[in-house]
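The structure under discussion appears below in the form of structure tokens.
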Amino acid sequence: MENIVFNDVWGWDIALEMTFLAIASFSTLFAYLSYREGQLRDAVIGAAVAAVLPVFSLIILNLHLLKPEASYLLFLSPQPRSWMLYGGIGMSSLIALSALFALFAVLPSLKVPLLSRLSPLSHSSAFMNALGVLMILAGVFVSLYTGLLMSYERGIPFWHSAALPAIALFMGIAGGSSLYAFIRPADQRVSFALLSSLALLVAVYLAHLMVSLLGSPAAHASATKVLGSGLFQVTLLLSVLAVVSLAANMFWFRTRYVPIIAGAIGLITIFVLRLLLLEAGAWEFPVI
Amino acid sequence: MRPVFVVDPKRCVACMACVAACSIEHGVLFTLAKSDPEAWPQTQRLRTWVSWIEREEPRPRRTFMPLLCFHCQDTPCERVCPTRATYKTPEGVVLINKDKCIGCAYCIIACPYGARYKVKAGDLEKAKKTFNMKEVEERYSKTELRIKLFKPPVPNEWATAERAVDKCTLCYHRKELGEWIPSCVEVCPTKARMFGDLDDPNDPVAELVRSGKAKQLRPDLKTEGLVYYVR
């Protein structure tokens with residue numbers, strides 16, 4: 001009897017939802033840094049993305065439910081020991097704080113009489129710094145949450161690992177820097193952030209696969225499934241190419257196209273690695 | 001009362017009477033199930049199932065393994081349920097409040113024993129129209145008899161319902177009716193499935209647990225279920 005069963009409960013839709021969260025999570029950091037540097041347009045784009053993508057994530061999650069109309073029960077009858085509750089709170093906070101940050105950042109240039117009363121807050125650096133820091137904290141939490149949610153489950157050995165929160169964190173940094181590679185392709189710091197986070201993501205992911213190969217039969221089966229996947233091999237090759245190209249571009253070529261292409265590869269890598277992580281997760285059901 | 005469920009795999013002959021009894025009691029999706037030796041309640045979408053294990057060494061043999069929810073006392077599914085739809089009774093039976101279940105499936109992920117499954121909208125209607133035996137389909141598909149292959153559940157608040165997660169309840173609704181014996185235990189012709197009370201010092205089923213003849217599966221997971229297997 002083959003007692004290893006692969007997860008088919010969470011699939012590509014949840015992978016997409018988590019990819020959106022990864023991009024949104026660290027867009028907050030880049031949005032805040034752009035604001036500090038006076039790059040208002042870049043700050044507003046980043047904060048707006050950080051507010052909108054989690055909304056799409058919540059929509060995907062809601063569509064995944066058997067009773068979408070009853071999702072309010074999450075807040076009416078909450079289970080404080082469930083990560084999903086904290087995920088909901090984290091995502092809601094990220095949406096609210098990012099939307100507020102984008103609004104206050106853009107407020108002085110809007111010239112809307114109704115909002116003019118809030119204008120002094122936009123000019124208060126203490127207020128904007130506090131809002132920015134809170135927005136980043138919410139982003140970091142949401143990024144980590146997608147890893148913690150999975151690593152907490154004892155039943156799936158491939159997920160029950162301290163590597164998962166680290167992978168989720170690097171996915172977040174890579175997601176935010178991938179987005180900013182489109183917005184600020186000439187910025188060397190963004191290129192460096194993308195290069196290093198993508199390299200760390202791939203390195204930790206590979207290390208996790210290697211450790212899983214030595215683990216329980218279910219973890220071994222999961223790692224074997226990922227390593228044998230053509231999608232993984234192509235993505236791995238593309239991400240290594242992206243890292244090498246970014247490094248070469250930083251030191252020699254200095255073209256705008258390389259960071260943009262690397263950013264696109266970064267986003268694809270996050271989605272594919274997350275999808276494989278989910279689909280290769282396997283239970284080892286008991287046998288006598 | 002502290003209920004305990006003991007399975008003796010050596011006595012099981014895989015007649016599947018337990019699966020049929022459970023389906024009749026709860027109106028689960030028996031007619032959608034496929035005869036699969038390598039399956040769990042989760043993959044079969046049934047509250048209980050009998051899998052079989054074939055071994056070549058030291059001699060060729062087949063062991064049948066009745067499976068159901070283990071009713072863990074350190075309950076992973078209860079911990080992750082975001083709306084508290086999954087809860088434990090004072091006796092330790094793990095149940096699902098179907099009205100509160102939003103169907104997020106996080107409990108299916110958390111269950112290390114494959115005891116839970118989703119019942120989607122339209123599944124019960126589909127079950128009424130589907131056969132799992134070709135010869136039955138050929139014979140009855142054009143007659144009204146076909147609907148008799150699907151029986152609605154015995155009315156109770158934990159009966160199988162669409163748009164919610166489903167699992168074994170140890171027939172908890174029977175406790176309120178008086179004598180509490182799960183339907184699968186009641187029909188088992190070889191007494192491979194046994195139900196007892198750990199609080200009763202004279203209970204022979206509980207004695208199997210106390211004597212150490214019956215043990216939990218996967219004790220490494222430390223979930224402390226109510227279901228034991230004679231080893």
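Numbers restart at 1 for each chain; the letters A, B, ... are given by sequence-line order, proteins then strands.
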Gap separating the CG atom of B/Leu226 from the SG atom of B/Cys69, nearest 0.5 angstrom: 8.5 Å
Nearest-0.5 Å distance that lies between atom CG in B/Leu170 and atom CG in B/Leu68: 6.5 Å
A/Glu69 versus chain B, the contacting section by heavy-atom distance below 4.5 Å: side chain
Region of A/Ile156 in contact with chain B, defined by heavy-atom distances below 4.5 Å: side chain
Give the interface residues of [range] toward chain B, defined by a heavy-atom separation under 4.5 Å.
range	answer
residues 140-148 of chain A	none
residues 208-232 of chain A	none
residues 52-68 of chain A	A/His64, A/Leu65, A/Leu66, A/Lys67, A/Pro68
residues 75-92 of chain A	A/Ser77, A/Pro78, A/Gln79, A/Pro80, A/Arg81, A/Ser82, A/Trp83, A/Met84

Between [X] and [Y], which heavy-atom pair has the shortest distance, and what is it?
X	Y	value
A/Ala47	A/Ser98	O-CB, 3.3 Å
B/Gly225	B/Gln216	O-NE2, 2.8 Å
A/Leu273	A/Tyr205	O-OH, 2.8 Å

Enclosure of B/Lys191 NZ (heavy-atom neighbours >12, cutoff 6.0 Å): no
Donor + acceptor pair across side chains of B/Thr86, B/Arg116 (<3.5 Å): yes
Check: B/Tyr117/B/Gln44 side-chain N/O donor and acceptor closer than 3.5 Å: no
Pair A/Trp283 and A/Phe158, ring centroids less than 6.0 Å apart: no
Tell me, side chain or backbone of [X] under 4.5 Å from chain A's heavy atoms, or both, or neither?
X	result
B/Cys81	backbone
B/Tyr113	both
B/Ala105	both
B/Gln42	side chain

Ring geometry between B/Trp52 and B/Phe64 (parallel below 30°, tilted from 30 to 60°, perpendicular above 60°): perpendicular
Sole candidate of B/Lys120, B/Lys98, B/Lys118, B/Arg45 that passes salt bridge (Lys or Arg N to Asp or Glu O under 4.0 Å) when paired with B/Asp166: B/Lys98
Pairs of heavy atoms under 4.5 Å with chain B: top-ranked of A/Met150, A/Glu153, A/Glu284: A/Glu153
Pick from A/Leu149, A/Asp8, A/Asn7, A/Val5 with the largest number of heavy-atom pairs that fall under 4.5 Å of chain B: A/Leu149
Any donor-acceptor pair under 3.5 Å from A/Ser27 side chain to A/Ile23 backbone: yes
Working for side-chain hydrogen bond (donor to acceptor under 3.5 Å, both in side chains), residues B/Thr48 and B/Arg193: CA-CA 12 Å; B/Thr48 189; B/Arg193 290 174 180 245; 2.7 Å; yes
Derivation and outcome, side chain to side chain contact (heavy atoms under 4.5 Å, CB included), residues B/Val7 and B/Val230: CA-CA 6 Å; B/Val7 176; B/Val230 176; over 6 Å; no
Pairs of heavy atoms under 4.5 Å with chain A: top-ranked of B/Pro76, B/Ala85, B/Cys101: B/Cys101
Between B/Glu162, B/Arg55, B/Arg218, the one whose heavy-atom pairs under 4.5 Å with chain A are most numerous: B/Arg218
